[in-house]
Amino acid sequence: MYNHNRIEKKWQQYWLENETFKTDVWDFSKPKFYILDMFPYPSGDGLHTGHIEGYTASDALSRMKRMQGYNVLHPMGWDAFGLPAEQYAIKTGNHPDKFTLQNIQVFKRQLIEAGFSYDWSKEVSTSDPSFYKWTQWIFKNLYLDGLAKYADMPVNWCEELGTVLANDEIINGKSERGGYPVVRKNLKQWVIDMPKYADRLLDNLDDLEWPTSTKEIQKNWIGKSVGAKISFDVKGIEEKITVFTTRPDTIFGATFLVLAPEHDLTKHELIKNKKEVSEYLEITQTKSELERTELSKEKTGIKLEGLVAINPFNGKEIPIWISDYVLISYGTGAIMAVPAHDQRDYEFAKKFDIEIIEVIKGGDIAIEAYEKDGQYVNSDFLNSVDNKKDGIELTINKLEELKKGEKAVSYKLREWIFARQRYWGEPVPAIHFEDKIEVLDDSELPLVLPELEDYKPSQKGQSPLEKAKDWVNIEKDGRKGRRETSTMPGSAGSSWYFLRYLDPKNENEIADKKLMEHWLPVDLYLGGDEHAVGHLLYSRMWNNYLYDKGIVPVKEPFKKLFHQGMILGANGEKMSKSKGNVVSPDELIQTYGADSLRIYEMFMGPLESDKPWSDTGAEASRKFLERVYRLYQTIKIEDKPNNNLERVYHQTVMKVTNDYNELKFNTAISQMMIFVNAVYKEGHLPLEYAESFIKLLNPLAPHITEEIWTKILKHNHTIAYEAWPSYDEIKTVSDTYEMVVQVNGKIRGKIDVSMNTSKEEMENLAKEIPNVKSNLEGKQIVKIIIVPNKLVNIVIK
RNA sequence: GCCGGCCUGGCGGAAUGGUAGACGCGCUAGACUCAAAAUCUAGUAAUAGAGAUAUUGUAAGGGUUCAAGUCCCUUGACCGGCACCA
């Protein structure tokens, strides 16, 4: 039995005292490796098993890379501002300010006790003024460059949380935090113009080594559609109605237009049925987002009497309707409805008895809309065109000639709603003067969050900062103004924190340019997949923007991305307090030790999969480490070679090295187990192998290996920078192998032969095996397939 | 509805188109022990057989191939994302 508590404490202290893992970022003499973890928000719950999982993986890779001679940057910090941290504080009756600091202390202790090799001299916290000075500075620049705007627009309002929310913070019409209802509301709000970067965020994905699923999620979220904008004249008035459509070629089937309820024209004075229209608008406005998008519900709408649109090609009059199935936030907020070839328009037309004109043959429009390809009919100049692509192109060309339309793209990606009417965030560094808005000068940053006793959200849409009257009302150059009282969302600080680790104390810029040039991009970014459309999109956008400004030298911040899977409870369900299936890292470290916990979480299965927890499995990892420790105490370690172990040793070095690089820790561990089993069987261990094996195990079990390295192998300093073992690929293969003999693909025999036996010899040996012989009896050999150094397959008839 | 992923023993899982089940857990038997734990040894996909061996077997069905867990098609279950996006 080894005493994990004593050994682990001792080495954790040693690493801290000796600053073993402090990175000299200015040392450019070695190849760099920047390996980044998604930093946690410091809730009072402390670390959970999922944190340990991802952080162990990145830590193991960091430790190997150091031993391989890389200058490794492996930092950690705190996503300390934002809704999660603030909600947690409110829930537990604490002030977020001190509470956050307290929680950070707990997290840091836990990370140290797990044996992670972070360089704590690079620690950052998003709620620290010296950090958020630069968050505000980036915002200021976004504003000056027209990418941050104060605009009147429909936003997501959550009454319960007392704030607006971004689209990625809403799941199925409810707030991600707390699951409260969210409604659409028109409000003046700070937004960041994500759509402006939509194309680049899409195109750059091709160059990133990211999981395909994450790329797909981002592609879907950006939701690029190519089509056309078509402008319809409205009879008798100046205003036109512009619609966006991906199928301009179906325009001869457009039998009505539909406007979103929020569309400007719904308030036009020539509308005859104003009363009914405003009644309809009122009903739709009180609906929550969830109700409005209920798919199962029947379509509703109302016809605008007194206004008709004109088809630009044939002058046909087209009625105009309002319906909430058209969204103001997508395209132009108006569509041309082609009921014959769009199911939604079809349902609407059926319900309100509107004409349905078939323009593409192939379906039966008496039953349903036909949305596939086919020959054009009833379509004037398009009737002779035989495919969709040409039809669309020709239509757009004609529209352009008539000056009635043009090619257009539309995105689902919307503005990032950037303000929160909450206390715990970076103050937006802007002042509202009577005539205009101004952002603060660099010299006025950071704009420090005022201390407030009562920081709780109000339900009237006002920020708690309104209460800090002295702070809000200011006079500048003789003009009276009011500070913006909204704060920034949680994702603000996390959109650029990876830059700050390079140079966390720099007071003059985000980070020294030379450092950014050397260290960026992040070589490997590890974290959960729940940030696929939030943080991972925002930070890409900010980085692209900073690249455009010449501040950051790379377009994309994270070259390679990896998501660890979730660790589930033993019952296969997500760990949660209410289900009572949560396991606590503190307890596990106390019982089994950090090394055991690390080994177990890496051995459970592939890093990327969700895996259920098992108590016996955690115990088994402890037993493996015991077995290793016992091996070094009981087996004879001598400075002389052992041919019986040579092959398995080289195989182990090769497999462990390759698997670590690919984050396949489960198979690396099983190979180390195979090696240990082989050594026990042999009863003897050459010194070279003994030392190398401890190096191989060190990244996953750093404490026990440091102990063995110094106490048993008698070295007088840390193993952290010892050279990583090398292997000889030739020595990984034996000189004999088990040749498999198949008859018609079924195994009929196996025989040991020497490597590189000739094909003829292989065939002859195969035919001599009794069981093969009897299978061949009386049969005709059709073909013999020989795979050198592997197998013989005899095909018979 | 659209997009992506996944499905292998009792369990976690392993398998560059070439011996399915590595490694570990659990279980069974044995050694050690007064006994237990720990440790060690052997066994452990199913069916039949004392055994050699044979047959079946990677969600279901089909296909390609000398050879399929792996490639292709169809279907199903589960997980995730988006969803009245024109």
Side-chain angles (χ1 to χ4, degrees), chain A residues 1 171-172 211-221 223-225 227 243-248 250 258 260 292-297 299 323-327 329-338 341-345 347-348 371 410-414 529-530 532-533 565-566 570 572 599-600 603-606 608-621 623-624 626-627 630 634 664 666-674 676-677 680 737-750 770-771 774 782-787 789-796:
Chain A
M1 280 285 278
I171 312 285
N172 291 328
T212 30
S213 60
T214 311
K215 287 189 185 184
E216 284 305 314
I217 289 171
Q218 290 209 345
K219 277 183 199 163
N220 271 329
W221 187 261
K224 182 178 182 174
S225 296
V243 304
F244 173 75
T245 176
T246 54
R247 295 300 303 272
T250 60
V258 190
R292 249 184 86 164
T293 55
E294 246 349 292
L295 243 180
S296 53
K297 104 187 159 182
K299 300 246 178 311
S323 174
D324 64 1
Y325 84 88
V326 174
L327 309 172
S329 50
Y330 183 77
T332 59
I335 62 162
M336 66 174 203
V338 183
H341 306 291
D342 180 288
Q343 190 57 30
R344 293 155 301 178
D345 299 345
E347 282 163 26
F348 194 85
E371 298 185 340
S410 197
Y411 303 95
K412 290 186 201 170
L413 183 69
R414 300 185 199 159
D529 61 5
E530 67 272 18
V533 291
M566 215 186 310
I599 291 273
Y600 175 56
F603 188 56
M604 288 173 88
E608 66 275 20
S609 341
D610 294 348
K611 302 159 286 260
W613 182 262
S614 150
D615 284 328
T616 52
E619 225 174 287
S621 297
K623 282 184 188 172
F624 169 62
E626 295 277 8
R627 207 165 139 77
R630 209 163 43 239
T634 58
K664 284 152 73 172
N666 53 333
T667 47
I669 293 168
S670 79
Q671 183 62 42
M672 289 191 278
M673 288 171 168
I674 290 170
V676 168
N677 291 343
Y680 268 110
Y737 68 99
E738 195 176 48
M739 184 178 86
V740 173
V741 181
Q742 301 176 325
V743 176
N744 281 351
K746 283 192 195 303
I747 295 162
R748 295 302 177 192
K750 295 172 187 176
N771 195 34
S774 62
V782 182
K783 197 172 174 184
I784 298 181
I785 283 94
I786 297 170
V787 184
N789 296 336
K790 196 145 265 170
L791 61 71
V792 175
N793 186 11
I794 303 171
V795 186
I796 57 167

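So that the names make sense, note that chain A is the first sequence line, chain B the second, and so on, each numbered from 1. Because the structure is a prediction, the values reported are computed rather than measured.
With a 3.5 Å ceiling on both atom-pair distances, B:rA50 lacks any Watson-Crick or G-U wobble partner. Under the Watson-Crick and G-U wobble criteria, each requiring two contacts below 3.5 Å, nucleotide B:rA37 is left unpaired. Base pairing of B:rC71 is made with B:rG63, judged by Watson-Crick or G-U wobble geometry with both donor-acceptor distances under 3.5 Å. Base pairing of B:rG4 is made with B:rC79, judged by Watson-Crick or G-U wobble geometry with both donor-acceptor distances under 3.5 Å. For B:rA45, the paired nucleotide is B:rU56, the pair qualifying as Watson-Crick or G-U wobble because both relevant distances are below 3.5 Å. With a 3.5 Å ceiling on both atom-pair distances, B:rA22 lacks any Watson-Crick or G-U wobble partner.
Contacts of A:K746 with the nucleic acid, taken as non-hydrogen atoms under 4.0 Å apart, involve only primed sugar atoms and P, OP1 or OP2. Contacts of A:Q671 with the nucleic acid, taken as non-hydrogen atoms under 4.0 Å apart, are absent. Among the protein residues, A:S614 comes within range of no part of the nucleic acid, since none of its heavy atoms lies under 4.0 Å from any strand. Residue contacts shown for A:Q742 include a base, since a base heavy atom lies under 4.0 Å away. Using a 4.0 Å heavy-atom criterion, one finds that A:V795 contacts the sugar-phosphate atoms exclusively. Using a 4.0 Å heavy-atom criterion, one finds that A:N744 contacts no nucleic acid atom at all. Note on A:D345: nothing from the nucleic acid sits closer than 4.0 angstrom, heavy atoms only. Residue-level contact check: A:N771 touches the backbone only, with heavy atoms under 4.0 Å from sugar-phosphate atoms and none from bases. Residue A:I217 is in sugar-phosphate contact alone, with no base atom involved, counting any heavy-atom pair closer than 4.0 Å across all strands shown. Here A:K623 lies in heavy-atom contact (under 4.0 Å) with sugar-phosphate atoms only.
Across the P atoms, B:rC73 and B:rG24 are found 38 Å apart, a figure rounded to whole Å. Only the P atoms considered, B:rA68 is 10 Å distant from B:rA20, to the nearest whole Å. Of the P atoms belonging to B:rG61 and B:rU8, the separation is 16 Å, rounded to the nearest Å. Distance noted for atom P between B:rA42 and B:rA54: 26 Å (whole Å). Nucleotides B:rC78 and B:rC66 are separated by 38 Å at their P atoms, to the nearest Å.
A cation-pi arrangement is present between A:K299 and A:Y325 under the rule of less than 6.0 angstrom and at most 45 degrees off the ring axis.
Ranking B:rG13, B:rU55, B:rG4 by closeness to the A:S213 side chain, first place goes to B:rG4.
Here A:R748 does not reach the OP1 or OP2 of B:rU19: none of its side-chain N or O atoms lies under 4.0 Å away.
Between A:E626 and A:K623 there is no salt bridge, since none of the side-chain N atoms of the basic residue sits less than 4.0 Å from a carboxylate O of the acidic one.
Put simply, the side chain of A:N220 and the base of B:rC82 share no donor and acceptor less than 3.5 Å apart.
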